[in-house]
Number of protein chains: 2
Amino acid sequence: MYTIGQVSEMFQIPASTLRYYDREGLFLEMERTGGIRRFGEREVEALRVIECLKASGLEIRDIKQFMAWCVEGPSTYGLRRQLFETRKKAVEEELRQLHKTLDMLNFKCWYYDTAIADGSEDRLNAMLPDKLPPEIQKLYDNCHGKE
Amino acid sequence: MYTIGQVSEMFQIPASTLRYYDREGLFLEMERTGGIRRFGEREVEALRVIECLKASGLEIRDIKQFMAWCVEGPSTYGLRRQLFETRKKAVEEELRQLHKTLDMLNFKCWYYDTAIADGSEDRLNAMLPDKLPPEIQKLYDNCHGKE
DNA sequence: GCTTGACTTAAAGTTAACTTTAAGTTTTAG
DNA sequence: CTAAAACTTAAAGTTAACTTTAAGTCAAGC
């Protein structure tokens, strides 16, 4: 069993944030001794799931809903499974979006490398949007709306 | 040249947001006719870059800084190049984090598939954290801190 | 027993990124 | 010329996720 300070240290999360999560109902069955929170394995695993769901784009209120399902028992397995499935779809979409963002960033890096080499953007502007090197054309098209 | 309403439609961004961006200094040289904003190719490309930088995790105030560099001219090519390089690093890190998140989500989907098939988590709890199927073990380890 | 450090609470404050409101101006269609 | 649609502003309001503050309680070491 851990104190809030130890968990704060383990996860590199401020104790104030852990208290906030508790207030919001993310640690529904946490024990206390003399008013002081005791984090057990259940809470540590809950925190890993909280970080995962947060990273997937879920809001605190919806994570609270999930935690309530966990307390409710086996009748909510289906709902919980569905939640993770939906989060998977969201993260996969986010990954696709981030790859497009990366293409734009790579294009811009090439663009400024070229501008620096040339000393101006004149030649670049004359090349745009066609006449780009083939590998750069791909990056450009992918972040300027071409399918 | 486009009005704010046309750009709002094109990018599916509320006109109020475009005005907010303008107020924050993201369209530094935008023209007006009779007080009304005229978005040209420069502003449309700026908006594409804004969306990219936002998706990369950059804040509005830092995007404003970038736009100021663009107005400043060729002397800031190096700074602009460096900004995109830094954003690339941030996005690549975000991609790594999202892949770990996806591993956790896949593990949880398998976990609840199994719990549903079993009707309880008893057998699962007896399997954890070792004795998991090999392909599941990988997912589990990757999101429970094992290197 | 006393100090120190870690814990507790409720309530107020912070921040970023919008969003809404209210009042007014400009453009467009008839 | 007029009515409606689309634009304008400054200022206030919203939201999520914390974070800080103030005042107090608990546990450990000397």
Side-chain angles (χ1 to χ4, degrees), chain A residues 1-40 43-44 46-68 87 90 94 97 101, chain B residues 1-40 43-44 46-68 87 90 94 97 101:
Chain A
M1 297 281 261
Y2 311 99
T3 66
I4 201 168
Q6 291 167 326
V7 175
S8 166
E9 180 71 14
M10 280 167 58
F11 281 83
Q12 292 293 295
I13 294 174
S16 65
T17 302
L18 296 173
R19 290 199 193 92
Y20 163 70
Y21 286 169
D22 188 23
R23 243 189 345 270
E24 294 297 310
L26 268 43
F27 302 113
L28 283 178
E29 297 186 304
M30 189 157 50
E31 295 171 34
R32 301 233 182 177
T33 59
I36 287 171
R37 292 174 184 81
R38 310 320 307 277
F39 289 73
E43 281 71 35
V44 169
L47 200 41
R48 273 194 287 260
V49 174
I50 288 164
E51 298 248 270
C52 167
L53 290 176
K54 254 171 55 75
S56 84
L58 207 66
E59 294 178 11
I60 301 291
R61 73 159 70 87
D62 296 317
I63 301 179
K64 174 188 179 155
Q65 172 66 271
F66 171 77
M67 293 304 173
R87 287 298 95 201
E94 176 87 11
Q97 168 56 42
T101 297
Chain B
M1 297 281 261
Y2 311 97
T3 66
I4 201 168
Q6 290 168 326
V7 175
S8 167
E9 179 71 14
M10 280 167 58
F11 280 83
Q12 291 293 294
I13 294 173
S16 65
T17 302
L18 296 174
R19 289 198 194 94
Y20 163 71
Y21 288 167
D22 188 22
R23 241 188 348 269
E24 295 298 309
L26 268 41
F27 301 113
L28 284 177
E29 298 187 304
M30 191 159 46
E31 294 171 35
R32 301 229 180 180
T33 59
I36 287 170
R37 292 174 184 81
R38 310 321 305 276
F39 289 74
E43 282 70 36
V44 169
L47 200 42
R48 274 193 287 261
V49 174
I50 289 165
E51 298 248 270
C52 168
L53 290 176
K54 254 170 55 78
S56 84
L58 206 66
E59 294 178 13
I60 301 291
R61 73 160 69 86
D62 297 315
I63 301 179
K64 173 187 180 156
Q65 171 65 272
F66 170 77
M67 293 304 173
R87 286 299 93 202
E94 176 87 10
Q97 168 57 41
T101 297

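Throughout, a chain's letter reflects where its sequence line sits, starting with A, and its residues are numbered from 1. Since the model is a prediction, treat every value here as computed from it, not as a measurement.
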_For a quick check, with a 4.0 angstrom heavy-atom cut-off, what is the B/S/- contact string for nucleotides 16-21 of chain D, read 5' to 3'?_
SBBBB-
Considering non-hydrogen atoms only, spot the tightest contact between [X] and [Y] and give its length.
{"X": "A:Met30", "Y": "A:Glu43", "result": "CA-OE2, 3.5 Å"}
{"X": "B:Lys64", "Y": "B:Glu24", "result": "CD-O, 3.2 Å"}
{"X": "A:Arg38", "Y": "A:Thr33", "result": "CD-OG1, 3.4 Å"}

Nucleotide N/O to protein N/O under 3.5 Å, stretch nucleotides 28-30 of chain C:
none

Please tabulate, one pair per line, each protein N/O and nucleotide N/O from nucleotides 6-9 of chain C that are separated by under 3.5 Å, including the distance.
from, atom 1, to, atom 2, distance (Å)
C:dC7, OP1, A:Thr3, OG1, 3.0
C:dC7, OP1, A:Gly5, N, 2.8
C:dT8, OP1, A:Arg37, N, 2.9
C:dT8, OP1, A:Arg37, NH1, 2.8
C:dT8, OP2, A:Arg19, NE, 2.8
C:dT8, OP2, A:Arg19, NH2, 3.1
C:dT8, OP2, A:Arg37, NH1, 3.1
C:dT8, O5', A:Arg37, NH1, 3.4
C:dT8, O3', A:Arg32, NH1, 3.3
C:dT9, OP1, A:Arg32, NH1, 2.9
C:dT9, OP1, A:Arg32, NH2, 3.1
C:dT9, OP2, A:Arg37, NH1, 3.2
C:dT9, OP2, A:Arg37, NH2, 2.8

*Between atom CE of B:Met10 and atom CD of B:Gln12, what is the distance when rounded to the nearest 0.5 Å?*
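Rounded to the nearest 0.5 Å, the CE-CD separation comes out at 11.0 Å.
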*What distance separates A:Thr3 OG1 from A:Arg37 CZ, expressed to the nearest 0.5 Å?*
11.5 Å
*asked:* Apply side chain to side chain contact (heavy atoms under 4.5 Å, CB included) to residues A:Ile13 and A:Leu47 and explain how you reach the verdict.
replied: CA-CA 10 Å; A:Ile13 294 174; A:Leu47 200 41; 4.2 Å; yes
_Residue pairs, two or more places apart or on separate chains, that pass ring pair (Phe, Tyr, Trp, His ring centres under 6.0 Å) and touch residues 13-33 of chain B_ = B:Phe27-B:Phe39
*Is the CZ atom of B:Phe11 crowded by more than 12 outside heavy atoms at less than 6.0 Å?*
yes
*Can you tell me how far C1' of C:dT27 sits from CE of B:Met1, to the nearest Å?*
16 Å
_Which residues share a side-chain hydrogen bond (donor to acceptor under 3.5 Å, both in side chains) with A:Arg23, sequence neighbours left out_ = none
Distance-only criterion, 3.5 Å: show the donor-acceptor pairs between side-chain atoms of residues 48-62 of chain A and protein atoms not counting sequence neighbours.
from, atom 1, to, atom 2, distance (Å)
A:Arg48, NE, A:Glu45, OE1, 3.0
A:Arg48, NH2, A:Glu45, OE1, 3.1
A:Ser56, OG, A:Leu53, O, 2.7
A:Glu59, OE1, A:Arg61, NH1, 2.5

